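Let me begin by presenting the structure, written as structure tokens, before commenting on it.
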Amino acid sequence: MEAVKNKEEWAAAPIGVFDSGVGGLTVAREIMRQIPNERIIYFGDTARVPYGSKSKETITRYSRQIVRFLQEQKVKAIVAACNTASAYALDEIEKELDIPIIGVVKPGAKVAAETTRNGRIGVIGTEGTIGSHIYSTYINEINKDIQVVEKACPLFVPLVEEGLWQDPVTDEIAARYLSVLTDSGIDTLILGCTHYPLIRSTVQKTVGGEVALVNPAYETARELKGLLEKENMLNNEKQGLGTERYRFYVSDMADKFRTFANSILKYGILSAKTINIENY
Ligand code: DGL
């Protein structure tokens, strides 16, 4: 913080957003919508995706490297737009930082607990997120009577990264993964991986229209906005339009990422830069 000269300059600093790949773009998209004056530096760890099948130690090391890179870019706050990193690394990294960092799990758990009517919530996510039981822990802290049914869906991330958002293969895998949830009578389902909103329609079709899907991205962006307001760090300056406000970095395959990002975001991305994250 010392490096920043004054409050206005600090408020104008970007927000760092990171994920293992393209999934965090679903959170970045929501931040762009809710607080459009903010600048964003996005990092997608495309060289090391997926995170969901790796250990807590590895994910914490990766997340620390990314946070160091983002701090070098002088961000004023960081969003871990990845459930796996939020579940595994957030608590530890938060203690080491002098800027705010928020994850996607707490906001998602909160909105799901508010949404359910029958007290049965499903959570789908990576093996890491589901294995950590972080959603059920947070939900039961809010209301211990809510029953949480968790299901890891490890093939969803590669399907999304391959662009198979609407495909018979994805339909088939969704049917296999999600039957345990529909059988247990949930009325609310948390998309506990930031890649999953991209296959939202497949998931909704599979679980049925009566199940409310919770995308933690919306609530995360709202929490970020509230935090920046409280700290007087909202960027009120009207800056250049669209793309000028956003910068994208990846650890591999920048062109593939750019094409992908352009199909998710409203603003066209002109470039994504590859960096060597192992240097951080
Ligand atoms: N999108 C991430 C998450 O929310 C990570 C998926 C992965 O890399 O396995 O967990």
Side-chain angles (χ1 to χ4, degrees), residues 17-30 32 42-55 58-59 62-63 66 80-88 104 108 122-131 151-181 189-207 213 215-217 246 248-277:
V17 178
F18 76 91
D19 179 45
S20 61
V22 297
L25 291 170
T26 62
V27 180
R29 174 172 70 182
E30 200 49 45
M32 291 169 184
Y42 185 93
F43 179 79
D45 202 356
T46 47
R48 305 188 292 195
V49 66
Y51 278 14
S53 49
K54 297 190 172 85
S55 69
T58 300
I59 299 308
Y62 288 176
S63 303
I66 298 168
C82 172
N83 288 266
T84 315
S86 303
Y88 275 163
V104 285
V123 184
I124 51 174
T126 65
E127 286 169 287
T129 302
I130 296 304
K151 175 74 185 160
C153 303
L155 290 173
F156 278 173
V157 168
L159 288 168
V160 167
E161 292 273 335
E162 285 307 315
L164 299 172
W165 301 354
Q166 277 173 339
D167 193 276
V169 174
T170 311
D171 289 345
E172 169 66 27
I173 289 169
R176 289 204 201 182
Y177 280 152
L178 303 178
S179 61
V180 57
L181 298 169
L189 176 61
I190 302 175
L191 303 175
C193 170
T194 53
H195 281 70
Y196 298 176
L198 299 169
I199 51 165
R200 187 188 179 110
S201 60
T202 303
V203 173
Q204 187 79 74
K205 190 170 71 184
T206 312
V207 295
L213 297 190
N215 173 5
Y246 309 131
F248 297 86
Y249 295 87
V250 289
S251 46
D252 203 3
M253 307 288 279
D255 282 341
K256 185 177 174 197
F257 176 87
R258 191 174 54 83
T259 310
F260 220 103
N262 280 330
S263 65
I264 297 171
L265 301 175
K266 186 171 144 208
Y267 301 105
I269 294 180
L270 304 176
S271 74
K273 207 169 161 205
T274 306
I275 59 148
N276 186 351
I277 196 66

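Quick caveat: nothing in here was measured; it's all calculated off a predicted structure. Only heavy atoms go into these numbers, but all of them, side chains included; no hydrogens, no water, no symmetry mates. Position 1 is the first residue of the sequence, and the numbers go up from there.
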Nearest-0.5 Å distance that lies between atom [atom1] in [X] and atom [atom2] in [Y]:
X: L155; Y: C153; atom1: CG; atom2: SG; answer: 9.0 Å
X: E162; Y: F260; atom1: CD; atom2: CZ; answer: 8.0 Å
X: C193; Y: E127; atom1: SG; atom2: CD; answer: 11.5 Å
X: R176; Y: T206; atom1: CZ; atom2: OG1; answer: 13.0 Å
X: N83; Y: H195; atom1: CG; atom2: NE2; answer: 11.0 Å
X: L213; Y: R200; atom1: CG; atom2: CZ; answer: 5.0 Å

Sub-3.5 Å donor-acceptor pair from the side chain of [X] to the main-chain atoms of [Y], do we have one?
X: Y51; Y: C82; result: no
X: S86; Y: A80; result: yes
X: T194; Y: A81; result: yes
X: T46; Y: D252; result: yes
X: E161; Y: G21; result: no

Quiz prompt | Test: R48 cationic atom under 6.0 Å from Y62 six-membered ring centre, within 45° of axis | solution =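 So R48 does make the cation-pi contact.
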
Quiz item: Does the pair L25 and Y42 meet the rule for a side chain to side chain contact (heavy atoms under 4.5 Å, CB included), with working shown?
Solution: CA-CA 8 Å; L25 291 170; Y42 185 93; 3.9 Å; yes

State, yes or no, whether a side-chain contact exists between [X] and [Y] at a heavy-atom distance under 4.5 Å.
X: D255; Y: R258; result: yes
X: I124; Y: I190; result: no
X: K151; Y: Y177; result: yes
X: K205; Y: D171; result: yes
X: T126; Y: P154; result: no
X: V203; Y: L189; result: yes

Quiz item: Can you check side chain to side chain contact (heavy atoms under 4.5 Å, CB included) on V169 and L159, steps first, answer last?
Solution: CA-CA 9 Å; V169 174; L159 288 168; 4.1 Å; yes

Practice problem: Go through the steps to decide whether Y246 and I269 satisfy the test side chain to side chain contact (heavy atoms under 4.5 Å, CB included), and finish with yes or no. | Solution: CA-CA 8 Å; Y246 309 131; I269 294 180; over 6 Å; no

Quiz item: Step by step, would you call F156 with Y196 a ring pair (Phe, Tyr, Trp, His ring centres under 6.0 Å)?
Solution: CA-CA 7 Å; F156 278 173; Y196 298 176; 5.3 Å; yes

Quiz prompt | Donor + acceptor pair across side chains of T202, T170 (<3.5 Å) | solution =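 There is no such pair between these side chains.
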
Practice problem: Would you check, one step at a time, whether the test side chain to side chain contact (heavy atoms under 4.5 Å, CB included) holds for F43 with I277? | Solution: CA-CA 10 Å; F43 179 79; I277 196 66; 3.9 Å; yes

Give the minimum heavy-atom separation between [X] and [Y], together with the two atoms involved.
X: G125; Y: I130; result: N-CD1, 3.6 Å
X: P216; Y: L191; result: CD-O, 3.3 Å
X: V157; Y: P50; result: CG1-CB, 4.4 Å
X: S263; Y: W165; result: OG-CH2, 3.9 Å

Quiz item: Hey, which of S251, S20, S63 is the one that makes side chain to side chain donor-acceptor pair (under 3.5 Å) with D45?
Solution: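 In the set S251, S20, S63, the residue that makes a side chain to side chain donor-acceptor pair (under 3.5 Å) with D45 is S251.
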
